[in-house]
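To start, the structure under review is shown below, and the notes come after it.
Computed from a prediction, not measured in an experiment: that's the story for all the values here. The chains referred to below are lettered A, B, ... by the order of the sequence lines, with proteins before strands, and numbering in each begins at 1.
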Amino acid sequence: MFQTPFHAQTQRPTTTAHLAQTMSLLSLTLDELNQQVEKELASNPALELIEERRCPMCHRLLPEHGKCPVCSQPKDLTTEEPVVFISPREDLFSREYNPDAESMDEPNSVEVEELPAYVLRQIASDLAPENRQIAAYMLTHLNEDGLLECNLVEVAAYFHVPISKIQEIQALIQHADPIGVGSINSSEALLVQLEVLEETNPIPEIAKVLVKEHLEQLSRHQFAEIAKNVNVSVKEIERVNHFIGENLNPFPGRSHWGDSRLPDKGDLDVYRHPDIIVTTLERENRQVLSIELLMPTCGTLRVNPVYREAIHETKDETKVEMKNDLEKASLFVKCIQQRNNTMRQLVSKIASMQKDFILHGEKQLKPVTRAKFARDMGVHESTISRAVANKSVQLPNRRIIPLSMFFDRSLNVRTVLKEIIDHEKHALSDFELVDLLKDQGFAVARRTVAKYRSMEGILPAHLRQVTP
DNA sequence: CTATGGCACGGATT
DNA sequence: AATCCGTGCCATAG
C-alpha cells in the first residue's frame, strides 16, 4: 500500500463493479470509510488487517520496514512530499473509563477523544456514586462539538429518575472544564459560559437575551433584525457579537475553533477530525509542506494469504463460496488503494498549487475549479467532486477547513474586501468599494460587493462606525 | 435621491 | 440534471 505507483492510470483497466465501489468510497468521510472497512472486515473472512508499529517519536504508524515517514524525511525534498500513513481510530465508547490515562499521547488528535473521560474525572468527586453511571451515560452521548446528543427526558426515563436529577447532573457537567460541555445546543452552552464569566467579569447586559433568543440570527449576522426585536442599536448588537466571538465558544468540545466565524447551519460534520493534515517542515530555510492523508484502519489491509491457500484444499461446494469472498476481498482492497491514489494525487496537486494560501492565508487563495483539476489529472470531473466532498483539512496553523474551501472562487476577493474595510478611513459605500477592488485587480459588480459584505458579516456603510 | 437588500435569471460548475 | 454564483432590476429605507 505504501509503494503504490504515483499514477493511478497505470493500474489496469477496471471492472464496472470496481469503478462503482471506488466512486462511492471516494466520497466517504474518514469515519464513514472506517465503518465500511469494519463492516467488510467482519463479513468477509478473506480480508485481513495487519497491525503495524508506531513511531516512537511522533506516535504514528510505520510501514513494515522503514522509518517514520514524518520524523525522518528523505533529504531530497524539492517542493512537497505527500506522506500517506495510517491513523488508528480508537473507539471512543468502547474504552473503559480509566482515571490513570494521563496525557500520554500527542495532544492534537487525542484531546477530543478523551473528552468524556476528561470531564468525568473532574466531576467524579462531586457525584454521588449512583449518579456516576448516569453522568457516564450522558458523557458518552456527547458529539464532536461537546454538545449533548440525547434528550434529557429520555435519559431520565431510561434511568428511572426524575428529570430534575438529570438536570442537576447536567449542570455539574456543564461547569466542568470545557465550560458548557454537555449542553443540548450552542445556545445553552453559551448561556452557561456567560453565567460563569459573569461571576468574575462584567458582561454586556443583553448578551444573555441574544444568546438565548436570537442565536440563530446572530450567527447569520442579521444584526439589524435582532436590533429591531430587542430594541437596541445595531451597533450594540455588533459589539455583543464581537464579545461573544472573543470570549465564548458555542462548541465546547471543539479544541480550537478558528476565527469567530460560525459555519452556516448544519454542516458542522465537516469540522470534525480532519481527513488530511498539512504541516510545514523547515528544510534549509525553505518551508516544505508535509501532507498526511489519514486512513481509517490501523494497519494494512490485504487479502489473507492463508485463505488463498486454503481454497485449493476445499470441496467444490464451499469452493465457489470462498472464491466469491476472495474476489470481493481483493476488489475491496483494490478500491481502497485506488481511493488512496486518487486522494494522494489530488491533495498533492492542491497543495502545490495553493501553497501560498496554506502558508499565508486566505488572501492568497487562487480561484480554481474542480474541472481544471479533472483535466490536469485526466480523470472525470465527478471523481474530483466526490473526492473533495465531505473532507476536511487541517492547516499548519491548526485551523480545520473543508477541502472544498480550496475551490472557493470568491474567498480571496472577500478577504481583500475585508482588508479594505478594516483600513477604511471613513465608511465606504458599496460603489466606492467596487472601485477600490478594481484597483487591486478584482472586477466585481456592485451587487456582488454587497453580497460579499453580508457573507462576511460586515454591516452596510451607513451603519458602520469608523474605528481609528 | 442614494445606498442596499430581495428576487430571480442565466451561465458556469459539479 | 441539479446546484451554485454573479449580476441586473426594482422596491424600499434612510
Sugar-phosphate, base or nothing in reach of [X], heavy atoms under 4.0 Å:
| X | result |
| --- | --- |
| A/S429 | sugar-phosphate |
| A/R370 | sugar-phosphate |
| A/R446 | base |
| A/A461 | sugar-phosphate |
| A/F373 | nothing |

How close or far is atom [atom2] of [N] from atom [atom1] of [X], stated in whole angstroms?
| X | N | atom1 | atom2 | value |
| --- | --- | --- | --- | --- |
| A/L433 | B/dT2 | CG | P | 18 Å |
| A/E381 | C/dT3 | CD | P | 17 Å |
| A/K372 | B/dT14 | NZ | C1' | 17 Å |
| A/R453 | B/dG6 | CZ | C1' | 14 Å |
| A/L411 | C/dG6 | CG | P | 11 Å |
| A/E456 | B/dG5 | CD | C1' | 17 Å |
| A/R447 | B/dC9 | CZ | P | 15 Å |
| A/H462 | C/dA13 | NE2 | P | 12 Å |

Practice task
Run the salt-bridge test on A/D356 and A/K363 with the 4.0 Å N-O cut-off and return the result as yes or no.
Solution key: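 Between A/K363 and A/D356 there is no salt bridge, as every charged N stays at least 4.0 Å from the carboxylate O atoms.
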
Problem - A/D430/A/R447 salt bridge by N-O under 4.0 Å criterion - result: no

Problem - Polar side chain donor-acceptor pair, A/E188 to A/Q170, under 3.5 angstrom - result: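 A/Q170 and A/E188 do have a side-chain donor-acceptor pair below 3.5 Å.
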
Practice task
Would you check if there is a donor-acceptor pair between the side chains of A/N340 and A/T342 at a distance under 3.5 Å?
Solution key: no

Practice task
Would you tell me if any nitrogen or oxygen in the side chain of A/Y452 comes within less than 4.0 Å of OP1 or OP2 on C/dC5?
Solution key: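 Looking at the OP1 and OP2 atoms of C/dC5, neither is under 4.0 Å from any side-chain N or O of A/Y452.
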
Exercise for the section: Verify the contact: side-chain N or O of A/T448 to OP1 or OP2 of C/dT7, cut-off strictly under 4.0 Å; return yes or no. Expected result: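 Looking at the OP1 and OP2 atoms of C/dT7, one of them is under 4.0 Å from a side-chain N or O of A/T448.
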
Fill in the blank from the handout: Side-chain contact check for A/F431: nearest option of B/dA3, C/dT7, B/dT13 is B/dA3

Exercise for the section: Return the nearest nucleotide to the side chain of A/D430; candidates are B/dC7, C/dC5, B/dT4. Expected result: B/dT4

Fill in the blank from the handout: Rounding to 0.5 Å, atoms CG (A/L26) and SG (A/C335) come to a distance of 10.0 Å

